[in-house]
2 protein chains.
Amino acid sequence: MREQKLGTHDCIQLVPIFKQLTAIELQQVSAIVHEHVYEKGATLFNAGDEADQLTIIAAGQAKVYQLAANGREQLLYLLQSGDFDGEAALFNPVARTSYAEALVPTQVCSIQRSDFQALLAKAQQLALGILNEFGKRISQLEGKATSVTTSSIGGRLADYLVETAASFPAQTMFTLPLQKKEIAVYLGTTPETISRKLNEFQTAGWLKKGRGNQIAILDADQLVLQE
Amino acid sequence: MREQKLGTHDCIQLVPIFKQLTAIELQQVSAIVHEHVYEKGATLFNAGDEADQLTIIAAGQAKVYQLAANGREQLLYLLQSGDFDGEAALFNPVARTSYAEALVPTQVCSIQRSDFQALLAKAQQLALGILNEFGKRISQLEGKATSVTTSSIGGRLADYLVETAASFPAQTMFTLPLQKKEIAVYLGTTPETISRKLNEFQTAGWLKKGRGNQIAILDADQLVLQE
DNA sequence: TTATACGCTTGATCCAAATCAAGTTTACTT
DNA sequence: AAGTAAACTTGATTTGGATCAAGCGTATAA
C-alpha cells in the first residue's frame, strides 16, 4: 500500500499530468508547490469555495464528496498518497461542487492556478503532456457514465471489488478501504444491498469474507461475469 | 433545426475546444481538416477500430452506439450538424468501444491525431486554449456521473425532452428525432416505460402528445421538477 | 472490563420499473 | 386502397433493490 510520506518531487511525479516531465521542468514545477498538513477530520476544501488549486496527497487519506440535487452526499473519490484532485481548477476558476475531508493526518502538496498559468506560458512541453493526460481522463469519465446505466448493482460492486483488490496479492485477505456505507453511496446503492450482495458472492464461492471489513477475492473472473 | 451544410471554418468553431481560437489559429486548424461524405447507412467508424480522429458532422445525422457487456447496444449520442465525437482521440490512441452509422447522407470533417499533435507542438496558444476547455469538460462529466445515479427514469426522460425541445419554438408540436425504442435505450429503460411516463406527463398537463412521434412541451419547468 | 455508540447484518415489506403478452395504431409497400 | 410489418400502447405479472425496523458485533473510551 501507499503509506509512506512523499517528498515534493515524488509528489509531483505521481500526478499523471506531471509524469513525463524532464528534470528541468520538474524543478520548475517544484518551485511553485506549497506543502501543508491537515489533522484527521480537517476539511481540505469546501463546496462553494472557489477552486483555484491542484491538491496532491503526499501522505494520508482523504475523501471527496459531492452534494447531489436531493441533498444527498455522493462519494466521488477516496484519495490516497499520490492521488490528487482539482487539476481542472488549474485552468478555470470555478466554484467547487465537492468538498474533501482528511480521514487521517494528511499532508498535501498544492499548486495555485496563478502560479501554474505563469509557468505554462513558459514551458511548452509541459502543456502538451497535460493535454494528453486530460484526454485519458475524459475517456475514463465517459466510460463510467455509460456503465452506470447498463450494469446492475451486483455488476458494479463486482467491478469495484476487483478494481480495489488489484493493489493486493491475488487471493489474499485485505481490508476494504471504505466502509460499507461509503461503498454503497459510491455505487449508488445502500449498505443493506452491499451486505446481501457480498453474501451472495460468498455463497457462489467467488470471494470469502473475513472479520471487520476484510475480504479475499477467490475468482475474479466469475465475479465480474456474475455467472 | 440544424440542417444546413457547414463550411470547414464553421465546423471547427462549433467544437468547444476550438471555439475561442484566433483567426490565425483557426486557419492553422483548417489546414489539417479532411472532409468526407457518407451514404445513408454507411459506417463512420466501428467498435474495435483505433480511435485516431476527431469527427465533426458538417451536414446530416449519425447515431453513435456502444456495445455493453451483455451484448446489448446502447445509443450514446445522436449527432447532428455541428455535433462531434472523439476529441479525446486527438490525444490518446485508444480502441473504440462505440460505432457510428449515418442515418442520412452525411458529410463530416475530421482531424487526424498525428496532424493535430504536430500542430500543437507549433501553436503554443492553441494548446492553452484547449487545456482550458478540457478543464470545463471534466467538470461537466463529473457532474453528469453523479446525476445518473441520483435521478429517476422520469427525471431523466424529462431532462431529455426539454433538452430536445430546446431547438424548437416553445409550446409547439415537434417530432421526436428518435423512436421510442431508441429513447428508451438511450435513457437506460424500455419503450413501455417511456410510453407510460409520457402518459403521466400528459395527464399532469406538462406536455401534449400528437400523432406519430410528435409532442409539445407545455410546462418545461414543472416537467423537470416532476411535481 | 463494561458501557455506549456506531457500523453491520438480517428480515419484512414496499415500490418503481422490467418483463411478458396481447392488442392497436402507424407507416411502408405494391 | 389493401396488405403487411413495424412501432406503439395497454394490461398483468414479476423482480431487483430501496426502505423500514430490529437485533448483533465490534471498536473506542471511561
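If you're wondering where the values come from, they're calculated on a predicted model, not measured in any experiment. Throughout, a chain's letter reflects where its sequence line sits, starting with A, and its residues are numbered from 1.
Atom CG of A:L178 is separated from atom C1' of C:dG7 by 14 Å (rounded to the nearest Å). Put simply, NZ on B:K197 is 14 Å from P on C:dC15, counting in whole angstrom units. Rounded to whole Å, atom C1' of D:dA7 lies 12 Å from atom CD1 of B:I183. When the C1' atom of C:dA18 is taken as reference, atom CG of B:L157 falls 16 Å away, rounded to whole Å.
Nearest to the side-chain atoms of A:I153 among the listed nucleotides D:dG17, C:dA17, C:dG7 stands D:dG17.
For A:E163, the CD atom is loosely surrounded, since the number of other residues' heavy atoms within 6.0 Å does not exceed 12.
Between C:dA17 and B:T189, no contact under 4.0 Å exists linking OP1 or OP2 to a side-chain N or O. One finds a side-chain N or O of A:K180 lying less than 4.0 angstrom from the OP1 or OP2 phosphate oxygen of C:dT9. Regarding contacts with the backbone of D:dA6, every side-chain N or O of B:K181 stays at 4.0 angstrom or more from both OP1 and OP2.
A search for side-chain contact (heavy atoms from CB on, under 4.5 Å) contacts involving B:Q112 returns B:H34, B:D52, B:Q53, B:S114, B:D115, not counting sequence neighbours. Checked against salt bridge (charged side-chain N to carboxylate O under 4.0 Å, His left out), B:E200 has the following partners two or more places apart in sequence or in another chain: B:K197. In terms of the salt bridge (charged side-chain N to carboxylate O under 4.0 Å, His left out) criterion, A:K180 has no residue partners (sequence neighbours excluded). For the side-chain contact (heavy atoms from CB on, under 4.5 Å) test, residues two or more places apart in sequence or in another chain that qualify with A:V37 are A:Q107.
Under the side chain to side chain contact (heavy atoms under 4.5 Å, CB included) test applied with B:F201, the options B:D219, B:L161, B:L218 reduce to a single match, B:L161.
Helix-axis bend for the helix from C:dT1-D:dA30 to C:dT30-D:dA1: the local axis fitted to the five terminal pairs at one end deviates from that at the other end by 40°, rounded to 10°.
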What N/O pairs connect the protein and nucleotides 10-13 of chain D at under 3.5 Å? Give each pair on its own line.
unit_1	atom_1	unit_2	atom_2	d
D:dT10	OP2	B:N199	ND2	2.4
D:dG11	N7	B:R196	NH1	3.1
D:dG11	O6	B:R196	NH2	3.3

